[in-house]
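Both ligands and their constituent atoms are indexed starting at 1 by order of listing.
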Amino acid sequence: MRYFEARDLSVSYDKVAALHGVSIGFNQGQIVSLIGANGAGKSTTLRAITGLKRASKGEIWFEGERIDQVPPEKLVSRGIAMVPEGRRVFPHMSVRDNLLMGAHTRKDKAAIASDLERILNRFPRLRERLRQNAGTLSGGEQEMLVIGRALMTRPKLLLLDEPSLGLAPLVVRDIARLILEINREEGVSVILVEQNSRMALRISQYGYVLETGRIGLEGASAELLDNAHVRALYLGG
Ligand code: ATP
């Protein structure tokens, strides 16, 4: 069995099927990307993994244990953290307090303080803005903040939903670099959902292409970057 396996997931919204038997799996320490058009089911796959939307069929296994019936709030203590699409920061709270919200279920004060330090070392832009309200940050900084907040839960597996959405190319590059660093230096496995297929395939080892609720194609990211179908449909030729 692999480190993470979702087997044959099906999900419906009010009887309308959104996923038809999606399977994904990977080993510890990998970055895998999930690409596909609008409405293909990428966010739904992440919601099914975190239990925010229950699959009607299928199984999810993480570190050798079945997790598809575990309540979403319990998955955090198993080491799974999700950063949803849309950068939901608490706009009227400081950057520091936003980060600490990620640790609100933890009681280990000393470890929380050292995690905060480590995260601020990784995101110097956040350190410079520690007392500023989160609502005043740029889009890229807010993305760093929500990723930093997720890291405060000490995840082993990070699910990122469209981290590059609406960001300028240079900022996308910063975010991509940060995702790679977090993966390499902290050993966090990542499932990366992206509309920016090129970025996602560049930083991941393996990719899945979702097409109307099914995995249309999967393979090593380097091969997908070269694949004619992927190039035509998802990489702008
Ligand atoms: P996007 O990039 O636009 O977020 P996506 O690939 O993440 O697209 P999903 O958001 O997972 O796609 O949507 C998959 C399908 O499920 C779509 O047909 C969508 O309309 C439908 N869907 C998603 N969320 C809901 C919901 N809360 N209620 C009803 N249908 C939904």
> For Ser164 and Glu194, test the side chains for any donor-to-acceptor distance below 3.5 angstrom and give the result as yes or no.
yes
> Excluding sequence neighbours, so at least two apart, what forms side-chain contact (heavy atoms from CB on, under 4.5 Å) with Ala134?
Val89, Asn98, Leu145
> For a quick check: using heavy atoms under 4.0 Å, what are the residues in contact with ligand 1, sorted by chain and number?
Tyr13, Ala18, Ala37, Asn38, Gly39, Ala40, Gly41, Lys42, Ser43, Thr44, Arg47, Glu85, Glu162, Gln195
> With a 4.5 Å heavy-atom cut-off, do Leu225 and Val230 have their side chains touching?
no
> Identify each donor-acceptor pair in which a side-chain atom of residues 24-31 lies under 3.5 Å from a protein atom, sequence neighbours left out, and give them as a table.
from  : atom 1 : to    : atom 2 : distance (Å)
Asn27 : OD1    : Arg2  : NE     : 3.2
Gln30 : OE1    : Asn27 : N      : 3.1

> Taking ring-ring contact (aromatic ring centres under 6.0 Å, His included) as the cut-off, I'd like each qualifying pair that reaches into residues 57-76, sequence neighbours left out, listed once.
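Listed by first then second residue: Tyr3-Phe62.
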> Test your reading of the model: is there a side-chain donor-acceptor pair from Ser221 to the backbone of Ser204, 3.5 Å cut-off?
yes
